[in-house]
Structure formats: C-alpha cells, structure tokens
2 protein chains.
Amino acid sequence: MLYNNIIDGICMKENEKTRYFDSVIYLMEQTVVYSKIKGAQFFTQLCMGVTIDQFVALDALYCNSDICQRDLSKLILKDRSNTGRILTILEEKGFITRAAETKGKRLVKKIYITDKGKELVEESIPKLRKAFFQVFEEVTDEEFDNLRNILNKLKTSLSKTTSIQI
Amino acid sequence: MLYNNIIDGICMKENEKTRYFDSVIYLMEQTVVYSKIKGAQFFTQLCMGVTIDQFVALDALYCNSDICQRDLSKLILKDRSNTGRILTILEEKGFITRAAETKGKRLVKKIYITDKGKELVEESIPKLRKAFFQVFEEVTDEEFDNLRNILNKLKTSLSKTTSIQI
DNA sequence: ATAATAATGTTGTAATTGCAACATGTAATT
DNA sequence: AATTACATGTTGCAATTACAACATTATTAT
C-alpha cells in the first residue's frame, strides 16, 4: 500500500488528488492562527504594557542572559530588523537595557533584562498558564509527549530546508 | 505525580517555574513560522501569479463551490475584510468570479472558481507536494496520524475558547 | 409595530512581518 | 596587501493582519 502522507496527511492512494487545504501542515497553521489570537487577546486584557511578541522576547531573555540581538533573533525566529524593533520598545518601557560590548573581537549590542522585566515575566506566567489550561484538557500526557516530539522533528527538518534570513 | 502539561509541555513538577518560550504551543508557532516562510518562498519561485494565501483560498474554493464570502472566511480563518481583499485580487487575476445572489432570503456574494483558477490549483499541488516532501521524511505514518488527531483536538478546543470575529 | 439583534460585506487603520539594501567592522582567501 | 566573504545592526517598504466602525438587510424579541 502506498501512501502520500506528504502534503495530504489523510492516507490517500497515489493517484488521487490531494488538497493543501486538508494537509496537516495547513491544519497546524490554522491551529496557530487561533493560538496567536488567543495569546494576543490575553496580553491585551492583561494590561501590563506588552504584547505577546514582546513578552516572548522577554521570556527568552529571562533565562538566556548575556546574548546579543542576533542571538535573540535566532531564539525567537524573527529577523534582525524586527528583533531590533521589539527591543527598542522593550527598552523604552524599561524592561531591558542594551549595551555595546564585544563578543570576541566583534562589537555587538548585548541585552540585559531589568528587574522590572523579570517581574513582568514572573507575574505573567501563572496567568498565562491559567488562560491556556483548558486548551490541553482533552490531550493525554502521552499525546502531549508525542506532539512535542513530532513538532521537534518537523521544526528541525523545516529549518534545514527553508532559507530564513537571520 | 503531578504534571503541569498545560503551558510547559515538559513534565515539570507543580511549583517549578515554567517558561512560555519552552511550551509546546510556542514550539508549534515556531514550526509554523518556518512552514509559512517556506510556503511563501515556494509560490514566489513558482511565478504563477499568486501568493500562498491566495492559493489557499483558491484551493478551498476548488472543492467548496457555491459558497459566499463569509463561508470562505470560516474555512480559511481570515476575517471578512481580509477575505474580501484576497477575493478582489483573485477576481482581478481571473481565477474567480463573484456574483450577488440570495442565500435563503439574504443577499450574498457567491464565489465561483474559473477554469483558469482550477488549472492553477491542479498544476500547483504536485509541485507543492514535492517541495514539502522531505519535511515529513523522518515522521512515521503512526506519528503522522497522531499529529493530525492531536492538532484537531487543539484546534477544536482553541476555537471554543477564543473569540474570533468572522 | 417597534426595537434590538444577527448576518453580510466594505473601508480605514495601526501594528507586524519578511525582505532588500545599506553601513560598519572582522575574518578568510587570494 | 588586496579582495572577498561573513557578522551585526539599522532603515525603508510593500504586504498582511486583526480589529473597529459602518451600511444594509433580515430575523427575533418586546
């Protein structure tokens, strides 16, 4: 039996027509549409002065200190220009500071999360968890582990086959 | 043993700190960042006159004929304004036509895919499959089915707990 | 009958995005 | 030494997005 699991996701025999619209990739994209809207609405209602994307950058900085802008770019998967713009906003709001330093012999802008920034992360996380709690209610622990494993595989293979400018 | 699978994804004991940055939700979002860039680059190189989002709308129309704009909105998860804008472009390019008709007693704009539009979908699909082939190389059929099932659960539960204006 | 609500489509907008292009400095190659 | 390639950050931009607000018509509640 030959399957075309590639785009379709549904097991279809080789000569049948496939639809991108029904593919697993697109199902995942639609799931993310919802989760991004949910995340954005959450931070709007939270009124702590950051958007979800600004928060993600802060959260990445919370445990990855002593990194420069490009390193953060790689973590949050945004290009250097947009990462810089996010950091400008976070700096204006006092959640981070930036300082020109050397990395090897290279001049870079290193980023430091402030106490105010740390507080924001620490206060937001439990509320965020609460908001997303019910999303995983129907998902078993085993399914959860499976999901993480498969997503890691997909992300790895996509990162190898996609040219992204960071 | 108590797990907080909610945001973390990694099995963490209750009182440990959790990071959104390491959550499964965010892993999925990052995976989608790659797949969207890959899809966009694919259609840029294909030079058939449509973007990935315009193609998705066409693909949805290919098998869902006789629908109005709002119905398409629900399928492609874009709000009415943006769906209308995409359709304007597709109409200008001759891939669809629109006609004011009645749905029950309500006046709506029904969408009809043209032969040119059908051709575009039929020609693109095999190439698209080829481009995304390697992405799933390391994923077994079983994992693939798991992924689809879990994503469907997540999408369903997110759609219930997220207010989206369509 | 009247008012309130829902369905459908459009216009306007601020925010975000990926990308191209640039500037500046370092490393590698010739 | 000269040239080429890479690393890092910035500016500009066209495209896309979600959302608010509006217009119109139909449905429902009062």
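Note on naming: letters A, B, ... go to the chains in the order of the sequence lines (proteins, then strands), and numbering restarts at 1 for each one.
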N/O (side chain, A:Arg70) to phosphate O (OP1/OP2, D:dT8) under 4.0 Å: yes

B:Gln41 vs C:dG18: side-chain N/O to OP1/OP2 distance below 4.0 Å: no

Position toward the 5' end of DNA chain D (nearest nucleotide), A:Thr88 or B:Arg80: A:Thr88

Sugar-phosphate only, base, or nothing, as touched by A:Thr83 at under 4.0 Å among non-hydrogen atoms: nothing

D:dT10 phosphate, OP1 or OP2, under 4.0 Å from A:Gln69 side-chain N/O: yes

Options C:dT17, D:dA18, D:dG12, nucleotide nearest the side-chain atoms of A:Ser81: D:dG12

Polar side chain donor-acceptor pair, B:Gln165 to B:Arg80, under 3.5 angstrom: no

A:Lys78 vs C:dT17: side-chain N/O to OP1/OP2 distance below 4.0 Å: yes

Minimum-distance nucleotide to B:Gln165 side chain [options: C:dA6, C:dA27, D:dA20]: D:dA20

Donor-acceptor pair between B:Arg70 and B:Thr83 side chains, under 3.5 angstrom: no

Distance below 4.0 Å between A:Lys103 side-chain N/O and D:dT8 OP1 or OP2: yes

Among C:dT26, D:dT16, C:dT10, the one nearest B:Gln54 by side-chain distance: D:dT16

side-chain N/O A:Lys109 vs D:dT10 OP1/OP2, d < 4.0 Å: yes

Nucleotide nearest B:Arg85 when distance is taken to its side chain, options C:dT17, C:dT10, C:dT11: C:dT11

Residue mapping more 5' on DNA chain D - nearest nucleotide basis, B:Asp79 or B:Gly104: B:Asp79

Base paired to C:dT2 (Watson-Crick or G-U; both N/O distances under 3.5 angstrom): D:dA29

Rounded distance [0.5 Å steps], CG in A:Leu77 versus CD in B:Glu29: 11.0 Å

Connected via hydrophobic side-chain network under 4.5 Å: B:Leu158 and B:Ile150: yes

Polar side-chain contact B:Arg106-D:dT25 base: donor and acceptor under 3.5 Å: yes

Minimum-distance nucleotide (side-chain atoms of B:Asp53 versus D:dT16, C:dT8, C:dT16): D:dT16

Check: A:Arg19/A:Ser23 side-chain N/O donor and acceptor closer than 3.5 Å: no

Candidate nucleotides C:dT8, C:dA27, C:dT17, ranked by approach to the side chain of A:Lys105 - the nearest: C:dA27

